[in-house]
Amino acid sequence: MKKLVVKLFRDMKQSIVQCIALVLVIAVGAFFYAGLSSYSQKQREYTEDYFATYHLSDLNVYYDRVAVEDVAQFAKVDGVERIEARYTTDALQYFDGYTAAFTIHSLPSDNQINRPMIIEGRLPSLPAEIMVDSHYAEEHSYQLGDSIRLSTNGREVAFEISGLIENVEYVKKNATQDHKTYAIAYVAQEAIPKIAGSLYYNELLIDTKEGYDVDFIAKTMEAQSVYLSYLGQTSKERSFGYAQIQQTIYNNGMMSKVIPLILFLISAIILFLTMSRTIDSQRNQIGIMKALGIKNSWIMFHYMEYALLVSIIGSLVGCIVALYVFIPLVTASSAKSYSLPGITFALSPWSVLPPLLFSSSFGLLSVYWSGRTILNERAAHAMRPKPPRNMKNLLIERIPGMWKRISFSHKIILRNLFLNKKKAVASSIGTMVSMVLLIIAVGTQASLLKIANQIEDVYTYDLRVDYKIGTALEAIDLPSDIQSHHFISTLPVELVEANNRENATIVVMEKENNLIQLFDQADRPIAMGDHGVIVPKSYADHYNIVEGDFIQLRFTQPERRNQSVTMEVAQITNQYNHPSFYITPTYLESFRVDYHPTSMLIKANNDTELAGIRQFFEQDQRVNSLTDKQEIQESARYILNQNQFMFVMFIISAVILSLGAVYTISSINIHERNRELATLKVLGYPIGKINRLIFKENIILTGLAAVIAVPLGMYCFTIVINALSSTHQQIPDQLNVTGLLISILLAFLLTMLSNLLLRRNIANIHMTESLKSVE
């Protein structure tokens, strides 16, 4: 048995490059599985614990003004576990060249809901003290004890920083997680008169009891607010930060299942082909071992050791690289995307088991499947090479004069391909699988670019002005530098489909609004109409909605009293970012629902006047937030940058898998044809000519693989995109010609690189040893 161990390591040494290629193939799958599974699991566990520990509010209720004595009645509402009142307002801090926007909250006494996590310092206890989020402080080099001046409610107010914090309700501030021009701050309850002029509240935080329906509690709160200046409500599920992190967790969870599964399957196919071809190429060695009296079970175990050893090394290498490459990258990405203080990503020791079990299982299966036939043969029969097969004339030989015109080298290629059809098919399968992965990788990268580019195509306005709840936009004064403006309203709804309810958003805008451009499924611009609702493709695909169908939407704003309407689907539209339903005010009012715009879109005369227009609206106390063209462009770049590294690694992994597959299969082909190639060398064929012979064969096999790989890759790409998409995230599922050409070109370049690496194998063929191996 010691001799078999020596033979094992000798075989690995003789085919060290092939062994390394197999290790890399397995390592790629282990790398993505270990990294993605650890990342998604930790992110899910951390956020669940974070929300529970710091008591993220289940419901926020907004008022223009609510007195201290009015709060007590709401605590008696059935299902309310705890209720806290606070004052919320906006403020500005002016810098040279730009302005930072603040959202300031008061901290209730004995604060339990939306508790801040103190990073440094302490809670504010005096009216002149304030806590600022740590990221904003870091961006502006603020420290404890520093003084800041804020403009709010028409007055300048000075504060001293008592603490740096992060808060559970702001795991994500805005779309681009901008820490330079947007900040969150908290003041003591005693500071409310200093900011507002008197002590009152305008927001209630509600923590509900487990098992109670939040919608029912929301209706009760609205009913009891009939004599108060009630404005509206927001549930936890509809809060920006919570919705964004939940969508990210869902996407990461899907990627941790889909991407590793694809890589595992591809690595399994490559491993299966390689091990089966390796055993078949060593049939004479198996015959010698049988003749020496070695049991069949030990011979089988000997080859299984090779597969098992490669699987162990590949799995360990993949997990180690994931620990030192993937984990630091996703840690940095997570820090830029969300405010999750204290979160650390680590690799689970158990993450090495699935790739190890998966790859070793296929390796052992391929050894058993290929070895059982040879082991059943007698030793003398196995030691002899397989008898050459009878071959009929090729079709091209039957064409008069055609075969004579073909060069001798090309005749050898054609004969070899058609004489060894199974081997040619096996080689093509390895190349085809690799090309499919390249198509998926390049296609997903192109989809990411398309998602980012569509932002600027859809939103063509220069400035979006979002007003506070209850603001009447009809009486808004406008500066003179505006070329055009349009009002829109954004309403929270639910799509009711059978027993399912899906959160959604409906945007109401005029037909004449040309500052938001929608595109149909062929990416052609579409126009609004008064006869139906425009449905995003992400919802249409999930619920099998087509044009002409009728869908039921339920308005979830309490003031709408959960009114349900049945709308006709006018068109389906591609929306890659924040998909929403679109209707006109006329169509909305046909259901006896009043139209009250909440935002205004503005197109400036020219870019030079945009700064003045923005400054005009910053002075308006009714304005809640501003979004300009630059922020839209930053949002597009943000989407691209946040996902870039993942797909770049995916493409690199696809290249490694492809190179490993082509090289291993080609090296086995050369090993099986040692006698044939040695014969050519004896006949005087120069090494360069033999290299060109092998090169042309591999190019032909790659071309044949491309014929099948292109439609198969497109089909697999569609499956992957559908798996990663959801109702709240549409990913383009159309491969463009450029992406396909790049994938095919990469496959041919990798084939050429493999041929260069294989030149050494051909040069090292020993003519006498190869020709006398049968004897």
Side-chain angles (χ1 to χ4, degrees), residues 21 24-25 27-29 31-32 255 258-271 273 424-454 523 576 640 643-666 695-725 731-757:
L24 290 177
V25 165
V28 166
F31 169 81
F32 269 97
M255 282 196 296
V258 175
I259 293 179
L261 179 60
I262 294 171
L263 296 175
F264 280 157
L265 289 174
I266 291 174
S267 62
I269 293 172
I270 295 171
L271 186 62
L273 290 171
V425 169
S427 301
S428 296
I429 289 175
T431 308
M432 180 185 64
V433 168
S434 304
M435 200 177 298
V436 167
L437 183 59
L438 285 171
I439 291 173
I440 295 174
V442 174
T444 49
Q445 176 68 9
S447 296
L448 184 63
L449 290 170
K450 195 170 184 178
I451 290 173
N453 292 335
Q454 197 200 47
D523 286 333
Y576 306 135
L640 200 58
N643 297 279
Q644 188 79 6
F645 84 94
M646 183 74 71
F647 291 105
V648 167
M649 286 194 297
F650 191 35
I651 291 175
I652 293 174
S653 300
V655 170
I656 292 174
L657 278 175
S658 301
L659 183 60
V662 175
Y663 180 85
T664 51
I665 298 299
S666 298
F695 173 77
K696 289 178 181 179
E697 283 189 18
N698 288 335
I699 290 295
I700 291 173
L701 290 174
T702 302
L704 294 175
V707 175
I708 302 176
V710 169
L712 182 61
M714 296 174 65
Y715 176 73
C716 292
F717 172 75
T718 303
I719 294 176
V720 171
I721 293 302
N722 289 338
L724 295 177
S725 299
I731 302 177
D733 60 352
Q734 295 177 351
L735 274 169
N736 54 38
V737 177
T738 304
L740 290 174
L741 291 177
I742 290 174
S743 303
I744 296 172
L745 180 62
L746 274 174
F748 278 97
L749 288 175
L750 292 172
T751 300
M752 294 166 65
L753 178 59
S754 298
N755 282 309
L756 292 175
L757 296 174

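All figures in this text were calculated on a predicted structure; none of them were measured in a lab.
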For the atom pair CD1 (I699) and CG (L704), what is the distance rounded to the nearest 0.5 Å? 11.5 Å
Minimum heavy-atom separation for Y576 and K450, please, with both atom names. OH-CE, 3.7 Å
From I440 CD1 over to T718 OG1, what is the distance, rounded to the nearest 0.5 angstrom? 9.5 Å
Just by modelled atom types, is the F748 backbone N or O under 3.5 Å from a matching donor or acceptor in the T702 side chain? no
Nearest-0.5 Å distance, CG of residue L438 to CG of residue L750: 6.5 Å
CG on L746 to CG on L741, rounded to 0.5 Å: 11.0 Å
Looking at P732 and S447, what are the two nearest heavy atoms and their distance? O-OG, 3.0 Å
Nearest-0.5 Å distance, CZ of residue F717 to CD1 of residue I439: 10.5 Å
Once rounded to the nearest 0.5 Å, what's the spacing between atom CE of M435 and atom OG1 of T751? 6.5 Å
For a side chain to side chain contact (heavy atoms under 4.5 Å, CB included) check, start with the C-alpha distance between T444 and I731, then their side-chain angles and the critical distance, and finish with the verdict. CA-CA 9 Å; T444 49; I731 302 177; over 6 Å; no
